[in-house]
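Residue numbers run from 1 in the order of the sequence given.
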Amino acid sequence: MIQEQTRTATLAGNPVTLLGPEIKVGDQAPDFTVLANDRSTVTLADSYGKVRLISVVPSLDTGVCDQQTRRFNEAVSELGDNVVVLTISADLPFAQSRWCGAAGISGVQTLSDHFEMSFSTAYGTYIKELRLNSRAVFVVNAENIVTYVEYLSEVTNHPNYEAALEAAKAAAK
């Protein structure tokens with residue numbers, strides 16, 4: 001059963017309900033099942049041994065989500081070989097693939113939570129009213145421990161890119 005949270009979150013100033021647990025630094029990272037652009041299954045366990053910077057967005061086809069994904073894509077090369085960047089949204093894999101092609105995104109792996117909403121229910125980013133992911137950033141170290149969490153209280157705001165990138169670099173040392 002999905003836990004209903006009472007965290008304060010808004011989307012364009014309107015209150016939304018987030019379902020799932022609130023993940024905290026030090027927690028064991030929950031596993032999840034999402035789809036890659038080719039519709040193959042991807043889980044957290046697939047990248048065990050690597051640091052994961054997980055960028056969560058409502059939809060790649062919106063301004064802030066587009067900018068967030070591009071920003072992390074630009075930073076991939078400075079993070080080193082031991083860090084992978086995953087961008088998760090409820091967009092269909094076909095739409096993600098189209099968007100990546102049009103945007104020239106190759107360093108970030110875009111993953112679809114659409115089918116089961118497995119990620120969003122495990123990480124507390126499920127927007128009940130819209131069946132979308134709320135904006136958030138997580139860093140998970142090579143041993144699956146969460147080392148950084150940022151839930152955006154206003155979904156249309158940008159995350160703290162520098163703090164997330166520094167957390168990923170620190171986890172990779």
Side-chain angles (χ1 to χ4, degrees), residues 7-16 18 20 22-23 25 29 32 34-38 42 44 47 50-114 117-120 122-140 146-172:
R7 288 191 317 273
T8 303
T10 56
L11 177 63
N14 298 307
V16 292
L18 301 180
E22 183 176 357
I23 302 300
V25 169
F32 53 83
V34 291
L35 297 177
N37 291 177
D38 65 2
V42 176
L44 180 69
S47 55
K50 298 265 189 182
V51 172
R52 282 65 51 100
L53 188 156
I54 305 172
S55 172
V56 188
V57 299
S59 175
L60 293 169
D61 284 319
T62 62
V64 176
C65 301
D66 176 285
Q67 292 170 32
Q68 180 173 330
T69 305
R70 288 175 190 269
R71 175 64 180 98
F72 286 129
N73 186 67
E74 291 167 5
V76 165
S77 63
E78 67 190 55
L79 296 175
D81 293 340
N82 196 41
V83 179
V84 295
V85 179
L86 310 175
T87 293
I88 299 178
S89 74
D91 294 311
L92 291 170
F94 313 106
Q96 289 181 339
S97 180
R98 177 197 47 75
W99 182 87
C100 286
I105 301 298
S106 60
V108 168
Q109 183 179 15
T110 55
L111 300 167
S112 175
D113 198 25
H114 178 77
M117 298 304 282
S118 170
F119 178 88
S120 60
Y123 283 74
T125 62
Y126 188 109
I127 299 175
K128 178 181 176 181
E129 295 83 355
L130 301 170
R131 198 176 190 278
L132 294 173
N133 285 280
S134 182
R135 189 174 318 283
V137 180
F138 303 91
V139 174
V140 177
V146 177
T147 63
Y148 178 85
V149 175
E150 181 182 12
Y151 288 100
L152 281 291
S153 59
E154 169 53 57
V155 179
T156 61
N157 288 345
H158 286 272
N160 185 335
Y161 299 111
E162 296 312 314
L165 293 168
E166 287 305 313
K169 290 174 189 175

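- For the pair Ser134 and Leu152, the minimum side-chain heavy-atom distance is 4.5 Å or more.
- Under the 3.5 Å distance criterion, the side-chain polar atoms of Glu150 are matched with a main-chain donor or acceptor of Asn160.
- For Asp81, the CG atom counts as loosely surrounded, since its 6.0 Å shell holds 12 or fewer non-hydrogen atoms of other residues, nucleotides or ligands.
- Formation of a donor-acceptor pair under 3.5 Å by the Glu154 side chain with backbone atoms of Ala9 is not found in this model.
- Applying side-chain hydrogen bond (donor to acceptor under 3.5 Å, both in side chains) to Trp99 and the options Thr69, Asp91, Asp66 leaves one that passes, Asp66.
- Side-chain contact between Gln96 and Leu60: present, with at least one pair of heavy atoms (C-beta onward) separated by less than 4.5 Å.
- No option in Asn133, Asp113, Leu111 other than Asn133 meets the side-chain contact (heavy atoms from CB on, under 4.5 Å) test with Val56.
- The two residues Val155 and Pro58 have their closest heavy-atom pair at CG1-CG, 3.6 Å.
- Pairs of residues two or more places apart, or lying in two chains, that qualify as ring pair (Phe, Tyr, Trp, His ring centres under 6.0 Å) and include a residue from residues 60-93 are Phe72-Tyr161.
- Rounded to the nearest 0.5 angstrom, Phe94 CZ and Ser112 OG are separated by 9.0 Å.
- Between the SG atom in Cys65 and the CG atom in Leu132 there is a gap of 9.0 Å [rounded to 0.5 Å].
- Going from atom CG of Leu44 over to atom NZ of Lys50 covers 14.0 Å, rounded to the nearest 0.5 Å.
- Put simply, the side chain of Val108 does not reach to within 4.5 Å of the side chain of Ser55, judged on heavy atoms.
- Here the shortest heavy-atom pairing between Ala168 and Leu53 reads CB-CD1, 3.9 Å.
- For the pair Arg52 (side chain) and Leu86 (backbone), a donor-acceptor distance under 3.5 Å is absent.
- Distance check, rounded to the nearest 0.5 Å: CD1 of Ile23 to OH of Tyr151 gives 5.0 Å.
- The two residues Ala171 and Thr147 come nearest to each other via the heavy atoms CB-OG1, 4.0 Å.
- Contact of the Arg131 side chain with the His114 side chain is registered, since non-hydrogen atoms from C-beta on lie closer than 4.5 Å.
- Within the 4.5 Å cutoff, the side chain of Val51 has heavy atoms near those of the Val139 side chain.
- Taking 4.5 Å as the limit, every side-chain heavy atom of Glu129 sits out of range of all side-chain heavy atoms of Pro15.
- Judged purely by atom type and a 3.5 angstrom limit, Ser97 has no side-chain atom pairing as donor or acceptor with the backbone of Pro93.
- Between the side chain of Tyr148 and the backbone N or O of Leu165, no donor-acceptor pair lies under 3.5 Å.
- Annotation: side chain of Tyr123 is not in contact with side chain of Ile88 (no heavy-atom distance under 4.5 Å).
- The shortest non-hydrogen separation linking Asn73 to Gly104 is ND2-O, 4.3 Å.
- You'll find the side chain of Lys169 reaches within 4.5 Å of the side chain of Leu79, heavy atoms only.
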Test side-chain contact (heavy atoms from CB on, under 4.5 Å) on Ile127 and Leu18 and set out the steps. CA-CA 5 Å; Ile127 299 175; Leu18 301 180; 3.9 Å; yes

Using side-chain contact (heavy atoms from CB on, under 4.5 Å), reason through Ile105 and Arg70 one step at a time and then give a plain yes or no. CA-CA 7 Å; Ile105 301 298; Arg70 288 175 190 269; 4.0 Å; yes

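- Contact record, Pro159 with Val137: CB-CG2, 3.7 Å, taken as the closest heavy-atom pair.
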Go through the steps for Glu162 and Arg71 under the test salt bridge (charged side-chain N to carboxylate O under 4.0 Å, His left out), then give the verdict. CA-CA 10 Å; Glu162 296 312 314; Arg71 175 64 180 98; 2.6 Å; yes

